[in-house]
Protein chains: 2
Amino acid sequence: MFRRVAELRYFVLNNKIRLSHIELIRSQFHPFQKSEIDTSVFLLDGTVKMPRPKRQSSSSGKEPVAKKAKKDDGSGSGSEPEKIEDATSDNTFASDAVNPEGKKWNFKIVSWNVNGIRAWMQKDGLDLIKKEDPDIACIQETKCSEIKLPMGAKPKGYKSYFMSAKKEGYAGVAVYSKVEPESVKYGIGDEEHDDEGRSITLEYKHFYVVTAYVPNAGRKLVTLDKRMDWDPKFLKHLHDLDALKPVIMCGDLNVAHLEIDLANPKGNHKNAGFTKEERSGFSNLLSAGFIDSYRHLYPDKTKAYTFWTYMMNARAKNVGWRLDYFVLSEKLKSSLCDNIIRSSVMGSDHCPITLLMRMGEQ
Amino acid sequence: MFRRVAELRYFVLNNKIRLSHIELIRSQFHPFQKSEIDTSVFLLDGTVKMPRPKRQSSSSGKEPVAKKAKKDDGSGSGSEPEKIEDATSDNTFASDAVNPEGKKWNFKIVSWNVNGIRAWMQKDGLDLIKKEDPDIACIQETKCSEIKLPMGAKPKGYKSYFMSAKKEGYAGVAVYSKVEPESVKYGIGDEEHDDEGRSITLEYKHFYVVTAYVPNAGRKLVTLDKRMDWDPKFLKHLHDLDALKPVIMCGDLNVAHLEIDLANPKGNHKNAGFTKEERSGFSNLLSAGFIDSYRHLYPDKTKAYTFWTYMMNARAKNVGWRLDYFVLSEKLKSSLCDNIIRSSVMGSDHCPITLLMRMGEQ
DNA sequence: CGTATGACG
DNA sequence: CGTCGTACG
């Protein structure tokens, strides 16, 4: 019925072929994503058949990559064997990071602005999170009401918590947690902001986890007012929590704090994400007893960004912004092991960030 | 700076790779389109570079296809020479059709519902028209205000006439004419319909050419009223013209006249395009002194369609409708040489149709 | 399924 | 540039 005419790995998005031969994929995608790419079959009617009989196989991550890639549906002619041996080991996300006392991390949390959970899942973003295997994963900009979530958006092994905006396809956050929290609070207690699905607070035995998608000040700063209304309210929310238990806050804070936190500070003082108002909002957070974990660990690290506009090939040129943060109660400083910016991980205009902590003994 | 990793012909649309190796292209595309397909270079940043230094070369059509395809930008490594010899000659559109008196055609007109002129031009639809080289080309559903027309939408060698709907991205027709008409009339003299950019009338020395994009009756026939309001008004327009000079009308009439004109007549009696109201509208046209040129020439021809829904792989299965017509004044019957349905020509959910006439001596 | 909008970023 | 929503077909 159909004839195999090409043996390619591919990835199409917005009218562009994003990758073709496995060599190219390797140069672009994170090792764990590479392992998920399938053999494509080009049908004579012009469509492409993706032989993915089972995508749910939550393999423990020990299967050689090349083996998977060699899979063949047997209906093609002229297929060639996979020639490239993939040397990827499955320890890509391994880390021996330790806290200031030298004890190894025992708790991992990931934060990622996914820019649309549905598009992101098509790009195997969630699989990547499964591979990273965090205790908690917080995602922002789901742009999806809970009813429209695709199959598999609530992965096994995690409790899932979604908060969507009233407006369809706008904002929205979610949290995946291996351990069921003692309580979950949606929003920050402000009706206007909470209608936009911007924050979830999870209470655990010894700490809180808060994720946030902070309002964007908008082109020409049309929504700077909304943003500046958010900042003190959110700070109060964190402050109130901090009085009870230490807080791990993460998410897309939609601000680059200092000049070091974006590629082009000079040109952006009047643009959303780098106005003095937004920057001082972040400074207020730090003055109130919190730390920017990445900058705490890497005070002088330059060119460390978590967001690149899709325009002007910004990511390839690393013209980016650090907009995604882990912000910790100061008393958690002694538990901090590492904060990793996974800038090579694709799937969104933001990359994920990972926090490694030594919990339980502070 | 970049490395050639694959030597492919390709075509991406709506997140699908539409073709890959030249073999596949051949099976899908019209010979003249095939000759326009370029060598693609996959860049390491994930984008695809299309080495098309000059697209405007209005070659006389004598250059061998394989030669063009062999073009190389010289910056890649591991590129392979073009292995496939393309036997396509450039007489694809040649015809020796004659009129009833045995005289060969001397006038060609093409009609095509392009389903969005911008998308269609990306698919090299206009180049195909240039290759067919008609005296007049009429296109429907441009879905584009004149200000937003892409570069090259007004090809050299033709006078261009556009009529857009007031509503952005909706309906709209255009005509390309080698010979400048004596007069051009936009619309049919009805304000409501004319606001939707549905018809242009061109007056030539010995005849009129009218193109039309007839209102679709809509899902669940929600706009059947509008459609049935159109039919008599349009017929009057044609009738008035016919009293002065013979008329060649063409376009998407949004009706399959008889059961033979669609693949599934039984299931569509209550659907837009095959209701008794719409069908009798067409019958009225024929009763008023006009002929359906295709059915006149091929009264028993089955499976001859000009439209296939994009859904359900209808085109591959030839589950289509004949919605596009040349309708001629009866006195032009003796000038009619042929009416060709170019069902293999891609670029829209409709295919183009071609009328060949022997003009000037009736 | 696919081409257009427009909002948002 | 890209992900949503919508209308239209």
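Here is the naming used below: chain letters follow the sequence lines, and residue numbers restart at 1 for every chain.
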In this structure, how many angstroms lie between the [atom2] atom of [N] and the [atom1] atom of [X], rounded?
X: A:Arg227; N: C:dG9; atom1: CZ; atom2: C1'; value: 14 Å
X: B:Met121; N: C:dT3; atom1: CE; atom2: P; value: 15 Å
X: A:Lys220; N: C:dA7; atom1: NZ; atom2: P; value: 16 Å
X: A:Gln140; N: D:dT3; atom1: CD; atom2: P; value: 17 Å
X: A:Asn313; N: D:dG2; atom1: CG; atom2: C1'; value: 14 Å
X: B:Asn113; N: C:dT3; atom1: CG; atom2: C1'; value: 11 Å
X: A:Phe274; N: C:dG9; atom1: CZ; atom2: C1'; value: 19 Å
X: A:Asp324; N: C:dG9; atom1: CG; atom2: C1'; value: 14 Å

### Member of B:Ile129, B:Asn113, B:Thr211 meeting the side-chain contact (heavy atoms from CB on, under 4.5 Å) criterion with B:Ile139
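That would be B:Ile129; it is the only one of B:Ile129, B:Asn113, B:Thr211 passing the side-chain contact (heavy atoms from CB on, under 4.5 Å) with B:Ile139.
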
### Query
Mind checking what makes ring-ring contact (aromatic ring centres under 6.0 Å, His included) contact with B:Trp230, not counting sequence neighbours?
B:His193, B:Phe234

Show the distances under 3.5 angstrom between N or O atoms of the protein and N or O atoms of nucleotides 6-9 of chain D.
from	atom 1	to	atom 2	distance (Å)
D:dC8	OP1	B:Lys167	NZ	2.8
D:dG9	OP1	B:Tyr170	OH	2.8
D:dG9	O3'	B:Asn216	ND2	3.1
D:dG9	N7	B:Arg219	NH2	3.4

### Task
Would you check if the side chain of A:Thr306 reaches a backbone N or O of A:Leu323 as a donor-acceptor pair within less than 3.5 Å?
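Judged by distance alone, yes, a pair lies under 3.5 Å.
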
### Test: A:Arg279 cationic atom under 6.0 Å from A:Phe274 six-membered ring centre, within 45° of axis
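Here A:Arg279 passes the 6.0 Å and 45° test against A:Phe274.
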
### Message
Working note: B:Thr275 + B:Leu221, criterion side-chain contact (heavy atoms from CB on, under 4.5 Å); need CA distance, chi angles, decisive distance, verdict.
### Response
CA-CA 9 Å; B:Thr275 62; B:Leu221 306 178; 3.8 Å; yes

### Query
When the nearest nucleotide of DNA chain D is assigned to A:Met312 and to A:Gly116 on a heavy-atom basis, which residue is associated with the more 5' position?
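Taking each residue's closest nucleotide, the earlier one in sequence belongs to A:Met312.
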
### Message
Does A:Leu323 reach a base, just sugar-phosphate, or nothing at all? Heavy atoms under 4.0 Å.
### Response
nothing

### Query
Any side-chain N or O of B:Arg118 less than 4.0 Å from the OP1 or OP2 oxygen of C:dG2?
no

### Query
Where do B:Val173 and B:Ser199 land on the side-chain contact (heavy atoms from CB on, under 4.5 Å) test, with the steps shown first?
CA-CA 6 Å; B:Val173 295; B:Ser199 184; 5.6 Å; no

### Message
Take a 6.0 Å sphere around NZ of B:Lys233 and say whether it holds more than 12 heavy atoms from other residues, nucleotides or ligands.
### Response
yes

